[in-house]
Novice: 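Below you'll find the structure I mean.
Computation of the quantities below employed the complete heavy-atom set of this structure, encompassing side-chain atoms and omitting hydrogens, waters and symmetry-equivalent molecules. All chains are named by letter (A, B, ...) in the order of the sequence lines, taking the proteins before the strands, and each is independently numbered beginning at 1.
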Amino acid sequence: MSRTFKHFLLAAGMLAMGASAAGAATLDDVKARSALNCGVSQGLPGFSNPDDKGNWAGLDVDFCRAIAAAIFNDPTKVKFSPLSAKDRFTALQSGAIDVLSRNTTWTMSRDTTLGFNFAGVMYYDGQGFMVRKSLNLKSVSDLNGASICVQTGTTNELNVGDYFRTNNLKYELIAFATIDETIKAYDSGRCDAFTADQSQLYAVRLKLTNAADHVVLQQVISKEPLGPLVRQGDDQWFDLVKWTYFAMLDAEELGVNSKNVDQMGSTANPEIKRLLGTDGKFGEAIGISNDWVARIVKHVGNYGEVFDRNLGPATPLAINRGQNNLWNNGGLQYGMPVR
Amino acid sequence: MTDARLPDSAPARRWSWTDPALRSAVIQVSLAILLIWMAWSFFANAQANLARQGIASGFGFLDNSAGFGITQTLIPYSESMSYGRAFLVGLLNTLLVAVLGIILATVIGFLVGVARLSENVVIRALASAYVEVTRNLPPLFQILFWYLAVLATMPNPRQGWAFGLQPLLQSLANGAASIGLSPLADGLRSLAGDVSGPGVFLSNRGLVVPRPVFEADFNIIFGVLVVGIIAAWIVKRWAHVRREKTGQPFPTFWVGLALVLGPAIIAGFVLGWPMTFEKPELRGFNFAGGVRIIPEFVALLVALSVYTAGFIAEIVRAGILAVSKGQTEAAKSLGMRSGPTMRLIIIPQAMRVIVPPLTSQYLNLTKNSTLGVAVGYPDLFAVFAGTTLNQTGQAIEIIAMTMAVYLTISILTSMLMGWYNKRVALVER
C-alpha cells in the first residue's frame with residue numbers, strides 16, 4: 001500500500017513539476033542545496049552498502065562522492081537515497097535524485113523512452129546464476145524446469161525469459177520487489193537458482209545462511225554494462241557526470257593516485273597538467289573549479305583505487321578486474337582524453 | 001397575504017447577491033470552471049514535462065511485447081505476449097485471490113463470530129483468542145509469516161510429501177512388516193504396485209494435484225448436473241410457498257442434494273466416467289503435469305482470509321447481539337431448538353446490521369491483496385504497477401490504469417453488496 005502511495009506521489013509530483021525543477025541547471029540546484037542527491041541500492045556489498053557505522057560505501061557510492069568532491073571539494077556532501085530496482089527510475093524522472101548510481105544496466109529503452117542519459121560504464125558485468133552446490137550443475141542449460149528467483153524491475157527478469165525461451169528450456173520465475181525478499185526466498189529453498197548480475201551474486205552469497213553451500217555458475221547469459229545515469233535534457237549536468245567518470249579512468253591511466261596527486265601537479269607531463277587543472281580551463285567548461293580532477297583523486301581516488309578498495313582482492317568479494325581493467329591492460333575501461 | 005405581493009415581487013427580481021439560487025449557481029459554476037482548469041493545467045503540464053524530458057507517453061506501450069515471465073497465469077501467457085496481456089493476467093490473479101479470499105473470510109468469520117457467542121467456554125475462549133490475534137497483527141506481517149515461517153519450511157520437491165493410495169498402501173505394508181506380518185506386507189506391496197503413483201504432492205513449490213481431463217461424453221454428465229440444480233431450485237421455491245401457506249416444513253436441503261448429485265452419479269456410472277486424470281510427475285527440478293497451486297498464492301490467500309475473518313467475526317457477533325433477546329425467547333417458547341433459532345430467526349435479522357460493515361471488509365481485503373508483492377505473488381499491482389511500470393517508465397498511464405481498476409473493483413463490490421443489503425433489509429408488511 002505504501003508503495004502505491006509512493007508511486008502516486010511520484011506521479012503527482014511529475015504532474016505538478018514546475019518548469020524550473022526538471023528544466024535545466026541541475027548543477028545550480030545542487031550548488032544551492034549544497035548537497036548532491038544520489039540514488040543507490042538498498043544494500044549491495046561492494047557497490048553501495050551502509051557499513052557498521054551507517055556510512056555508505058562501495059563503487060557506486062564512491063562515484064557519487066567523486067561528483068561531490070569535484071563540485072564542493074568535499075566528498076561528504078552527498079545525500080544517498082536507497083532505492084529498489086523497481087522504484088529507481090521514477091525517482092530520477094521525478095527529480096528526487098540528481099544522479100542514479102545504482103548498478104543499472106545501460107539499455108536502449110532506458111536511454112531513450114525512459115528519458116535518461118547514461119554517463120558511462122562503471123562496471124562491465126554479465127548475468128549469472130547461483131545454485132546449491134549439492135545440485136552439481138555445470139551450465140545454465142542444466143536448469144531446465146527449475147524455479148528461479150529474481151528481483152523485479154531488472155534486466156535480469158527479461159534476460160531469463162529470452163535465454164530460456166530461445167534454448168527451449170522450461171522455467172518458473174518468481175519475482176520479488178526487493179533484493180532482501182528475493183534472497184530470503186532463495187535461501188528458504190523456494191527456488192533452485194538465484195539470478196542476477198554476477199558481481200551481485202557474489203555479494204548476495206555472503207548474505208546467505210551458509211555461503212559455502214552455494215556456487216555461482218561460470219556461464220553468463222547477457223551483457224550487463226552497469227553505469228550511472230542522469231535525466232535527459234540537461235547537457236551541462238550530463239557532461240559533468242560523464243567527465244567525472246572519464247577523469248577517474250584518465251587519472252589511473254596517467255598514474256595519478258590519491259597519494260601522489262599533490263606532487264603530480266608540478267610535473268612536466270602536459271596531459272597530467274591538463275587533467276589536474278594546472279594547465280587549461282577544463283573545469284570551467286563544465287561549470288566547476290579547474291582543479292576538479294585533483295579534488296576527485298585526492299578525496300576519492302582514481303578508478304583503480306576505488307575498484308580495489310570496494311571489490312578487489314583485499315575485500316571479501318575478491319573480484320578480478322577482468323573486463324574492468326584499463327584498455328591498455330586488456331580490459332574495456334577507456335577514458336576519453338582531457339584536452 | 002403572500003398572494004397579494006407576488007405580482008409585485010416577480011418583475012422586481014433582479015441579479016442580486018442576496019438571491020440564494022443565483023448565488024449558489026454562480027459559486028458552483030465558478031468552482032466547476034476552476035476544477036476543470038486545474039485538471040487541464042495538470043494534464044498540459046505533465047504532457048509538456050514528459051515531452052521535454054523525452055519520456056514516452058500514451059497507451060501505445062500496451063501492444064509492445066512484455067518479455068517477462070509470470071508464475072501464475074489463469075489465461076495462456078508467454079513472454080512474447082504484450083503488456084496488455086500481462087495486465088489481464090495480473091488482473092485475473094488479483095480477482096482470483098480477492099474472490100476466494102472474500103468467500104473464505106466470510107465462512108471463517110461467520111463460524112468464529114457465532115463461536116464467540118457459544119455457551120461452551122472453551123469454544124468461546126478459542127474464538128476470542130483467534131479474533132484478538134488475527135485482528136491485532138499487521139496484514140503484511142501475517143502474509144510473511146505464512147510464506148516464510150509456514151510454507152517455506154516445507155521440504156523440497158524431491159523429499160516432498162506425497163498423498164494418494166500408493167503411499168498409503170506402502171506405509172501400511174511397512175507397518176505390517178515391522179510387526180512381523182510379512183505375508184500381509186507382501187500382499188499390500190503388490191497391491192501398491194498395481195495402483196499407479198501418488199497424485200498429490202506437497203512441497204515448498206506448492207501443492208500439486210492431478211488435472212482432470214474431460215472427454216466429450218462428460219458434457220452429458222454436466223448437462224444432467226445443471227438440470228438437477230434447476231430442479232432443486234424449483235423444489236426449494238415450492239417448499240417455501242408451501243411452508244408460507246401451511247407451515248409444514250420440508251427437508252429441502254437433503255432432497256435438493258439428492259436431486260443435484262443423484263442423477264449425475266447415475267449418469268456417470270452409465271457412461272463409465274469418461275474422464276482421466278493427468279497425474280503430476282517429478283521431472284528434474286519441478287513437477288510436470290497436473291495443476292499446481294503456488295505457495296505465494298496460498299500464503300496470500302490464507303493470510304488475507306484469516307486476517308479479515310477476525311474483523312468479520314466481530315461484525316457478525318455485533319449483528320447477532322443487535323437482535324433483541326426477545327426473539328430468541330419467543331422462538332424457544334414456540335419449542336424451536338437452538339440451531340433452527342439461530343438459522344431461521346436470529347441470522348436473517350442480524351444480516352441487516354452485518355452487511356454494511358461487511359462490505360468495507362470485502363473492500364479492505366481486495367485492496368490488501370496488493371501486499372502480495374512482498375511474497376512475489378503476481379497480482380495486478382506487482383505485474384503492472386510493478387514490473388511493467390519499471391520496464392516502460394510510463395508512471396502516469398500505468399498508475400492511472402491501476403487506480404481505475406481498483407476503483408472499479410471496489411465500486412462493483414459496493415454495488416453488489418448494496419443490492420444484497422436491500423434484499424436482506426427488514427421487509428415491512
Side-chain angles (χ1 to χ4, degrees), chain A residues 1 3-4 7-8 10-12 14-19 21-23 85-90 93-94 109-110 112-116 135 143-149 152-154 157-158 160-162 164-165 170-178 181-182 184-185 188-190 192 231-233, chain B residues 42-43 45-46 48-50 52-56 61 66-71 78-80 140 147-148 151-156 204-205 283-286 288 294-296 367-368 370-371 373-376 378 381-383 385-387 389-396 398-400 402-403 406:
Chain A
M1 270 180 311
R3 227 181 276 275
T4 332
H7 270 128
F8 174 76
L10 288 170
M14 238 144 105
L15 282 165
M17 211 154 41
K86 190 165 154 273
D87 295 330
R88 57 184 158 178
F89 298 126
T90 322
Q93 281 175 339
S94 67
S109 63
R110 287 173 180 176
T112 56
T113 52
L114 259 61
F116 297 136
L135 291 174
L143 281 170
N144 193 8
S147 299
I148 299 168
C149 280
T152 192
T154 56
E157 198 178 4
L158 301 173
V160 173
D162 285 355
F164 278 70
R165 207 152 27 106
K170 281 205 163 61
Y171 73 107
E172 180 199 32
L173 194 69
I174 304 124
F176 295 87
T178 70
E181 285 158 3
T182 326
K184 252 185 251 158
S188 74
R190 174 64 182 93
D192 301 300
R231 273 183 302 279
Q232 202 169 293
Chain B
F42 273 159
F43 177 75
N45 196 7
N49 277 323
L50 291 177
R52 200 186 47 245
Q53 285 188 48
I55 300 173
F61 74 95
F68 55 88
I70 302 178
T71 354
S78 79
E79 294 86 347
S80 49
L140 180 61
Y147 190 60
L148 292 171
L151 295 171
T153 53
M154 302 250 172
N156 71 40
N204 61 8
R205 302 296 154 81
R283 221 175 280 155
F285 293 99
N286 277 318
I294 58 171
E296 289 78 24
K367 289 179 286 179
N368 284 344
T370 55
L371 292 171
V373 76
V375 291
F381 188 72
V383 168
T387 310
L389 169 55
N390 187 273
Q391 307 285 10
T392 60
Q394 295 189 237
I396 293 175
I398 287 175
I399 293 295
T402 313
M403 266 163 55
Y406 281 105

Novice: Any chance you could measure Glu157(A), atom CD, to Thr387(B), atom OG1, to the nearest 0.5 Å?
Specialist: 4.5 Å
Novice: Between Phe61(B) and chain A, with a heavy-atom cut-off of 4.5 Å, which part of the residue counts as in contact: side chain, backbone, both or neither?
Specialist: neither
Novice: Which answer fits Ser80(B), side chain, backbone, both or neither, if we ask what part of it has an atom under 4.5 Å from a heavy atom of chain A?
Specialist: both
Novice: Given the options Ala400(B), Ala66(B), Ala152(B), which has more heavy-atom pairs under 4.5 Å with chain A than any of the others?
Specialist: Ala152(B)
Novice: I'd like to check the ring pair (Phe, Tyr, Trp, His ring centres under 6.0 Å) partners of Phe116(A); sequence neighbours left out, ordered by chain and number.
Specialist: Phe89(A)
Novice: Within the distance-only criterion (no hydrogens, no angle test), does the side chain of Asn390(B) pair as donor or acceptor with the backbone N or O of Ala85(A) below 3.5 angstrom?
Specialist: yes
Novice: Does the pair Arg205(B) and Asp192(A) meet the rule for a side-chain contact (heavy atoms from CB on, under 4.5 Å), with working shown?
Specialist: CA-CA 10 Å; Arg205(B) 302 296 154 81; Asp192(A) 301 300; 2.9 Å; yes
Novice: To the nearest 0.5 Å, how far apart are CD in Gln391(B) and NZ in Lys86(A)?
Specialist: 12.0 Å
Novice: Side chains of Arg190(A) and Tyr147(B): closer than 4.5 Å at any heavy-atom pair?
Specialist: yes
Novice: Does any heavy atom of chain B fall under 4.5 Å from the side chain of Thr154(A), the backbone, both, or neither of them?
Specialist: backbone
Novice: If you count heavy-atom pairs under 4.5 Å with chain B, which of Gly115(A), Ala185(A), Gly161(A) comes out on top?
Specialist: Gly115(A)
Novice: Heavy-atom pairs under 4.5 Å with chain B are the metric here; pick the option from Leu173(A), Leu143(A), Leu158(A), Thr182(A) that has the most.
Specialist: Leu158(A)
Novice: Quick check for you: among Ala175(A), Ala146(A), Cys149(A), which has the greatest number of heavy-atom pairs under 4.5 Å with chain B?
Specialist: Ala146(A)
Novice: Sort out for me which of Ile294(B), Val383(B), Ile398(B), Asn204(B) touches chain A most, counting heavy-atom pairs under 4.5 Å.
Specialist: Asn204(B)
Novice: Which residues pass the ring pair (Phe, Tyr, Trp, His ring centres under 6.0 Å) test with Phe164(A), not counting sequence neighbours?
Specialist: Tyr171(A)
Novice: Minimum heavy-atom separation for Glu172(A) to Thr71(B), with atom names?
Specialist: OE2-CG2, 3.1 Å
Novice: Hey, which of Gly69(B), Ala374(B), Pro378(B), Pro295(B) has the most heavy atom pairs under 4.5 Å with chain A?
Specialist: Ala374(B)
Novice: Less than 4.5 Å to any heavy atom of chain A: does that hold for the side chain of Gln394(B), its backbone, both, or neither?
Specialist: neither
Novice: For Ala395(B) versus Thr90(A), what's the shortest heavy-atom pair and its separation?
Specialist: CB-CG2, 4.3 Å
Novice: Under 4.5 Å between any side-chain heavy atoms of Thr152(A) and Phe68(B), yes or no?
Specialist: no
